[in-house]
Structure formats: structure tokens, C-alpha cells
Amino acid sequence: MTRRSLAAAVLVVVGALLLAPIAAPKAATTTVNVTALDSLKFKLSKTSAPAGKVVFKVKNGGTISHDFKIAGKKTKLLGGGQTATLTVTLKKGKYPYKCTVDSHAAAGMKGTFTVK
């Protein structure tokens with residue numbers, strides 16, 4: 001291979017690398033552990049997350065049935081000790097969450113999750 005053909009081959013490879021699309025970094029997934037308590041409160045491991053996919057791992061830590069609703073999605077009704085996973089993709093903003101069982105939210109089983 002001559003120097004000219006080698007130089008031409010190098011230029012083709014470098015040019016192809018420069019023109020190749022650069023993959024955007026994959027958005028991270030945030031996991032939030034949520035415990036529903038019989039004191040009609042939720043305990044969240046995090047109250048905020050960056051924009052993107054958020055996985056809420058919900059556990060009923062009491063004996064009264066509860067659910068968890070955020071961003072239009074809701075878990076099934078969870079009996080004592082039961083768990084459910086809720087995955088939502090959230091944009092920047094504030095998202096109210098609550099238990100939809102009669103009077104639970106009114107008694108304090110609600111809050112706001114912040115997405116930065």
C-alpha cells in the first residue's frame with residue numbers, strides 16, 4: 001500500500017467517524033420506594049427525581065388496604081404486606097400523589113413529588 005492510498009484510507013475512516021451520529025446519553029431511571037402506612041401517610045425514599053423514567057416500588061406496610069396514584073397511573077389495591085410496581089415517565093414539574101381509598105387522601109395520605 002502506498003503512502004497516498006494509506007493517507008486516503010485514514011481520511012475516509014476519520015471522516016466517517018466525524019460524520020457518525022453520536023448517541024444521546026440514555027436517561028437514567030430513578031427508583032423510589034413507597035411505604036403505605038396505617039397512620040394514613042406515605043413514606044417515600046425520595047421526594048424528587050430528575051426528569052425521565054421513575055419506578056415507584058410500593059409496599060403496604062400496614063394492615064388497611066391502600067393504593068398509590070400518580071400522573072394518572074395507579075397501583076392495584078394492596079392488602080397488608082403486598083407490593084406493586086408503578087413505572088411512569090415524568091417531565092419537569094410537580095406531581096401530586098395520593099391513596100384513592102375513601103377518605104385516605106383527605107386524612108393525609110397524599111403529597112407532591114417534584115421532578116427537576
Practice problem: Examine Val101 and Val34 and state if one hydrophobic cluster contains both, with Ile, Leu, Val, Met, Phe, Trp and Tyr joined whenever side-chain heavy atoms are less than 4.5 Å apart. | Solution: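 Unlinked, Val101 and Val34 end up in two clusters.
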
Quiz item: Shared ILVMFWY cluster between Tyr95 and Val58, side chains joined below 4.5 angstrom?
Solution: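 The answer is yes; both residues are in one hydrophobic cluster.
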
Self-check item: Donor-acceptor pair between Ser65 and Asn60 side chains, under 3.5 angstrom
Solution: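 Judged by distance alone, the side chains do not pair up.
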
Self-check item: Student check: side-chain heavy atoms of Phe113 and Val32 closer than 4.5 Å
Solution: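 In contact.
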
Practice problem: Side-chain contact test, heavy atoms from C-beta onward, threshold under 4.5 Å: evaluate it for Pro96 versus Lys110 and give yes or no. | Solution: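 Side chain of Pro96 against side chain of Lys110, heavy atoms only: no contact under 4.5 Å found.
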
Self-check item: Pairwise side chain to side chain donor-acceptor pair (under 3.5 Å) hits with a residue in residues 96-106, at least two apart
Solution: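 Every side chain to side chain donor-acceptor pair (under 3.5 Å) pair that includes a residue of residues 96-106, provided the two are not neighbours, is His66-His104, Asp67-Thr100.
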
Exercise. Can you tell me which residue pairs pass the side chain to side chain donor-acceptor pair (under 3.5 Å) test with a partner in residues 73-91, sequence neighbours excluded?
Key: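 Counting only pairs at least two positions apart or across chains, no side chain to side chain donor-acceptor pair (under 3.5 Å) contact touches residues 73-91.
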
I need the minimum non-hydrogen distance between [X] and [Y], along with the two atoms involved.
{"X": "Lys59", "Y": "Gly81", "value": "CE-O, 4.3 Å"}
{"X": "Val115", "Y": "Ala51", "value": "CG1-CA, 3.3 Å"}
{"X": "Leu90", "Y": "Ala71", "value": "CD2-CB, 3.7 Å"}

Quiz item: Where does the angle between the aromatic ring planes of Phe56 and Phe68 fall among parallel (under 30°), tilted (30 to 60°) and perpendicular (over 60°)?
Solution: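 Taking Phe68 first and then Phe56, their aromatic rings sit tilted (interplane angle of 30° to 60°).
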
Self-check item: Spacing of OG belonging to Ser39 relative to CE belonging to Met109, to within rounding of 0.5 Å
Solution: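 Those atoms lie 7.5 Å apart.
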
Quiz item: What's the spacing between Lys41 NZ and Thr35 OG1 if we round to 0.5 Å?
Solution: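 If I round to the nearest 0.5 Å, the distance is 15.0 Å.
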
